[in-house]
Amino acid sequence: MKSPVRVAITGAAGQIGYQLCFRIAAGDMLGPDQPVILQLLEITPALGALEGVAMELQDAAFPLLAGTVTTDDAEVAFNEADYALLVGAKPRGPGMERKDLISENGKIFGPQGRALNAVASRDVKVLVVGNPANTNALIASAAAPDLDPRNFTAMTRLDHNRALAQLAMKTGVHHDRIRKMVIWGNHSSTQYPDIRFAEVDGKPAPEQVDDDWYRETFIPDVQQRGAAIIKARGASSAASAASSAIDHIRSWALGTREGDWVSMAVPADGSYGIEPGVIYSYPCVCRDGGWEIVQGLDVDAFSRERMDASDAELREERAAVEDLL
Ligand SMILES: NC(=O)c1ccc[n+]([C@@H]2O[C@H](COP(=O)([O-])OP(=O)(O)OC[C@H]3O[C@@H](n4cnc5c(N)ncnc54)[C@H](O)[C@@H]3O)[C@@H](O)[C@H]2O)c1
Ligand SMILES: O=C(O)C[C@H](O)C(=O)O
């Protein structure tokens with residue numbers, strides 16, 4: 001058996017956190033031979049509820065759960081953390097855009113970035129889920145000057161998975177037989193879900209769907225799926241969000257499958273004309289515990305316009321939190 005790794009989860013008594021704790025303790029994120037210590041952070045008024053989560057974790061008697069820490073102190077939660085899933089933040093309600101959360105949620109991520117900087121493993125892998133996720137990841141990274149900015153990522157894997165599901169339903173091919181989906185940009189309604197390189201059962205996706213469906217139905221449906229879930233459920237996505245967070249970390253830690261890639265929001269480095277300064281979703285390949293942006297993909301005029309629009313929105317979000325950077 002391997003030695004345990006430390007997984008910090010913020011907002012651990014919330015909707016997503018409640019899902020994450022049990023799936024991670026069951027081994028879904030890091031594999032069936034990797035024990036975990038869960039280090040759970042909540043705000044002080046939610047510590048009672050968090051204690052209830054810890055009691056249920058005990059009662060589930062997971063063979064891989066090597067310990068549970070509950071706290072309202074970020075430096076306790078992030079102490080020597082190998083993984084940090086930053087979920088704790090307010091969700092949006094009907095009629096809101098995710099960026100409307102920025103003034104309230106943005107201020108959570110500076111202190112958490114500072115705490116990670118002070119006490120986390122120097123190799124900590126950080127995934128920001130709390131919205132607006134890309135800009136919150138930028139804030140956390142800016143507050144952690146001693147950690148490599150490449151350790152800070154934000155989640156667009158849920159959008160990636162949503163895009164796989166929509167294309168699978170349209171083509172009648174199981175989503176597990178689709179490769180090379182891409183989500184470019186922000187986890188927001190300006191994201192650009194791109195099927196130009198996707199393969200459905202080994203054949204090019206664009207040849208299997210008509211262009212009108214792609215532009216008029218697929219793209220807006222994926223962009224608006226979060227809002228559609230809020231309308232249907234009366235609360236934002238939780239189980240699918242937790243599942244995608246687990247997918248994101250599993251790919252990063254254990255690698256992407258041969259011949260496929262995943263979407264991850266990572267620090268822009270000039271790739272595809274997106275200048276540094278924002279956390280932008282790209283197609284990525286992961287191996288040996290690291291990620292690389294897939295290079296050399298063609299950018300046509302339709303794509304350029306959408307990729308730039310999402311970049312522009314991220315730079316507006318950045319300008320709105322300049323005082324936190
Ligand atoms: N990136 C994505 O794809 C994606 C998907 C779904 C939801 N989200 C976002 O994830 C966030 C959480 O969603 P949820 O449904 O779990 O919300 P929730 O309200 O059910 O849970 C959030 C939890 O975070 C806690 N919290 C608040 N501030 C905190 C802080 N400073 N430190 C630690 N904990 C804190 C709250 O007490 C609460 O228990 C929201 O911002 C939501 O919009 C992102
Ligand atoms: O849409 C939301 O606000 C929640 C989340 O970001 C989602 O995409 O489901």
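When reading the values below, keep in mind they use all heavy atoms of this one structure, side chains included, and skip hydrogens, waters and symmetry mates. Indexing begins at 1, ligand by ligand and atom by atom, following the structure's order.
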Considering heavy atoms of the protein only, find what lies nearest to [atom] and give residue, atom and distance to 0.1 Å.
atom	answer
atom 7 (C) of ligand 1	I16 CD1, 3.3 Å
atom 4 (C) of ligand 2	S236 CB, 3.7 Å
atom 6 (O) of ligand 2	H187 NE2, 2.6 Å
atom 1 (O) of ligand 2	R92 NH2, 2.7 Å
atom 22 (C) of ligand 1	A89 O, 3.5 Å

Close approach of [X] to ligand 2, heavy atoms, under 4.0 angstrom:
X	result
R162	yes
M96	no
I229	no

TODO: Between Q15 and ligand 1, find which residue part has any heavy-atom pair under 4.0 Å and reply side chain, backbone, both or neither.
DONE: both

- [ ] Please state which part of N131 comes within less than 4.0 Å of ligand 1, counting heavy atoms only: side chain, backbone, both or neither.
- [x] both

Task: contact_flag S237 ligand 1 heavy-atom lt 4.0 Å - done: yes

TODO: Would you check whether R98 reaches within less than 4.0 Å of ligand 1, judged by its heavy atoms?
DONE: no

Quick test of your reading of the model: are [X] and [Y] salt-bridged, counting only N-O distances below 4.0 Å?
X	Y	value
D148	R122	no
D33	K2	yes
R215	D211	yes

Open item on the list: For H187, run the side chain to side chain donor-acceptor pair (under 3.5 Å) check against T156, T135, D159 and tell me which one passes.
Closed with: D159

Open item on the list: Tell me whether Q295 contacts the main-chain N or O of S271 through its side chain, where contact means a donor paired with an acceptor under 3.5 Å.
Closed with: no

- [ ] State whether the shortest distance between N or O atoms of T10 and N or O atoms of ligand 1 falls below 3.5 angstrom.
- [x] no

